[in-house]
Structures are given as structure tokens and as C-alpha cells.
Amino acid sequence: MTGRQEGRASVTETPGIVTETARIPGTTGTTGATEQGATVWLTGLPSAGKTTIANALADRLRAEGHRVEVLDGDEIREFLSAGLGFSREDRHTNVQRIGFVAELLASNGVKALVPVIAPYADSREAVRKRHQTEGTGYLEVHVATPVEVCSVRDVKGLYAKQAAGEISGLTGVDDPYEAPDSPDLRIESHTQSVPESAAALHALLTERGLA
């Protein structure tokens, strides 16, 4: 049985044994898809369309042979941040936890798509710096859907609950949202279709050598 060589695929000649292929990050597999990982953070108001766009992009990337994970904010809160509330400090902690997981995935060749509000600029900047320190690709995408449109979409019924006085601290309504000044991409999802939004993001990944 041959041994593993750095930067090459390991090959086994032992019958019945299958080994995984190892390659240098950034090279291409048999599909031609780059194996360079990266985090794509989609920030925006509730019901802006972040998750819908992320899932559409994920489908396209997977079809091209990329390894992709979508880190859903609700699932993260349930399984990793269940003890956190919605104070500024707790929101910051939640974003840092998600950023840590995303960077870990990205540094191992996964496209980590993160459709999470992350309302505070300093929290997002801390995540970006973590990626820069580790030499991991990071893109910030602002899904810039106006609150007036988001409140009509109201996918989870949050705007209606806030208007009825059932909840408070809704980002963009009675809690702050600090929109990015210079995101890598700004998507106005209310003026274009989901496929068009996903295509714009895919084009950016391609331009940066990540797709």
C-alpha cells in the first residue's frame, strides 16, 4: 500500500480498502470545482431574503462539486447558543460563535454560507479579522432589503408580533441594525429575483477565485 504524499492524492493498492483523496487547498477536484474554502456572511434585516439566497447559492455550488454548509441562525441559537438572549453582549457572543464555526469549516475547504443578521458592525468586523488572521477567505454581503418590504414579507411573523406588542427588540424596528458601509457585495433583493441575487453572489465568488 502506498503512503500519503504531501500535496498529492493518496492511493491504496490493498483490495477492499478505500482511502480519501487529499489535495492542497485551492486546487481543483475531478469536477473542476475549487476546493478553496471561504465564509460568505449574508447580513440584513429579518425577512430580507438572506437564507433564501444562501440556499439558492448552495444548490448551485453543490451542483458544481463544491462542499457547502449553510449555517442557519435559528439552528445555531438552538444548539450552540441556547443560553443567550438578545442583548448587545449576547448578540455579539452569538456572532463570534458562528464566526468561529464558519472559519473552521472554511479553513478545511468548505464554502460556509452564513445568512445571519449580525446587527452590529464591530461584531462583523471581529469575525472578518479572525478570518484574516487565519488566512481564510471571507466575504461580507449586505442583503439590503428595506424594512418596509421586510415587514410585508414577515416570513416568521416577527414584525406582526412586534407591532402587536408581543415582542420587543426586533432588529431594524426597535433595536439597532448597523448596515455595512463597504460590503463586498450589496444585494437589493426587492428589485431582483432570487436566482438573479444568487447569480450575483456566485459571480463575486468566481471573481475572487472561490468558485
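One is the number of the first residue; the rest follow in order along the sequence.
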In short, Pro176 meets Pro119 closest at the heavy-atom pair O-CB, 3.5 Å
Should Leu205 and Val70 be counted in the same cluster of Ile, Leu, Val, Met, Phe, Trp and Tyr side chains packed under 4.5 Å apart? yes
Geometric cation-pi criterion Arg77 and Phe86, 6.0 Å radius, 45° cone: yes
Starting from the C-alpha separation in whole Å, work towards a yes-or-no answer on side chain to side chain contact (heavy atoms under 4.5 Å, CB included) for Arg130 and Phe100. CA-CA 8 Å; Arg130 170 184 288 277; Phe100 173 80; 3.5 Å; yes
Ser193 (side chain) donor-acceptor with Glu196 (main chain) under 3.5 angstrom: yes
Any donor-acceptor N/O pair, Arg67 side chain to Asn108 backbone, under 3.5 Å: yes
Nearest-0.5 Å distance that lies between atom CG in Leu185 and atom CD in Glu207: 9.5 Å
Could you walk me through whether Gln96 and Ser123 satisfy the side chain to side chain contact (heavy atoms under 4.5 Å, CB included) test, starting with their C-alpha distance in whole Å, then the side-chain angles of each, then the deciding distance to 0.1 Å, before giving a yes or no? CA-CA 7 Å; Gln96 299 317 300; Ser123 297; 3.9 Å; yes
For a quick check under 3.5 Å, do His190 and Thr145 share a side-chain donor-acceptor pair by atom type? no
Do Arg153 and Ser189 pass the side chain to side chain contact (heavy atoms under 4.5 Å, CB included) test, and can you show the C-alpha distance, the side-chain angles, and the key distance before you say yes or no? CA-CA 12 Å; Arg153 292 178 178 174; Ser189 71; 3.4 Å; yes
Shared hydrophobic cluster, Ile76 / Leu158 (ILVMFWY, side-chain heavy atoms < 4.5 Å): no
Which residue pairs satisfy the side chain to side chain donor-acceptor pair (under 3.5 Å) criterion with at least one member in residues 39-54, sequence neighbours excluded? Thr39-His131, Thr43-Tyr177
Answer yes when Arg60 and Glu64 have at least one side-chain N-carboxylate O distance shorter than 4.0 Å, and no when they do not. yes
Any side-chain heavy-atom pair from Ser168 and Gln162 closer than 4.5 angstrom? no
Please check this pair: side chain of Asp184 against backbone of Glu140, looking for a donor-acceptor N/O pair closer than 3.5 Å. yes
Does one hydrophobic cluster hold both Val141 and Tyr138, with members joined at side-chain heavy-atom distances below 4.5 Å? no
Which residue in the set Leu61, Val143, Val40, Leu113 passes side-chain contact (heavy atoms from CB on, under 4.5 Å) when paired with Leu201? Val40
So which atom in Leu45 and which in Cys150 form the shortest heavy-atom distance, rounded to 0.1 Å? CB-SG, 4.0 Å
Smallest heavy-atom separation, Pro180 atom then His142 atom, equals CD-CG, 3.7 Å
Are side-chain heavy atoms of Lys156 and Asp74 found at a separation under 4.5 Å? yes
Within the 3.5 Å criterion, strictly below it, is a donor on Thr136 or Ser107 matched to an acceptor on the partner's side chain? no
Can you hop from Leu57 to Leu71 via hydrophobic side chains spaced under 4.5 Å? no
For Glu89, look at atom CD and say whether over 12 heavy atoms of other residues, nucleotides or ligands are found less than 6.0 Å away. no
Taking atom OG of Ser197 and atom CG of Leu42, what is their separation to the nearest 0.5 Å? 10.0 Å
Gap between atom OH of Tyr120 and atom CZ of Arg88 - 0.5 Å precision: 5.5 Å
Under a 4.0 Å threshold between the charged nitrogen and the carboxylate oxygen, would Asp175 count as salt-bridged to Arg91? yes
Return yes if some donor-acceptor pair links the side-chain N/O of Glu125 with the main-chain N/O of Asp122 below 3.5 Å, else return no. no
Establish whether Ile167 and Val173 are linked, either directly or via other cluster members, by ILVMFWY side-chain heavy-atom contacts under 4.5 Å. yes
Looking at Leu80, is its backbone amide N or carbonyl O close enough to the side chain of Arg97 to form a donor-acceptor pair, meaning the two atoms are under 3.5 Å apart? yes
Apply side chain to side chain contact (heavy atoms under 4.5 Å, CB included) to Val110 and Val68, showing your working. CA-CA 5 Å; Val110 177; Val68 184; 5.6 Å; no
Compare all side-chain heavy atoms of Ser81 with those of Thr93 and state whether any distance is below 4.5 angstrom. no
Can you find a pair of side-chain heavy atoms, one from Gln192 and one from Ile187, that are under 4.5 Å apart? yes
Glu35, His66, Glu69 screened by side-chain hydrogen bond (donor to acceptor under 3.5 Å, both in side chains) with Lys111, the one that passes: His66
Leu84 to Asn94 - nearest heavy-atom pair and separation: CD1-N, 3.7 Å
Tell me, do Leu139 and Leu210 make a side-chain contact under 4.5 Å, heavy atoms counted? yes
Asp154 side chain to Tyr159 backbone, donor-acceptor under 3.5 Å: yes
For the side chain of Asp174 and the backbone of Gly169, is there at least one donor-acceptor N/O pair under 3.5 Å apart? yes
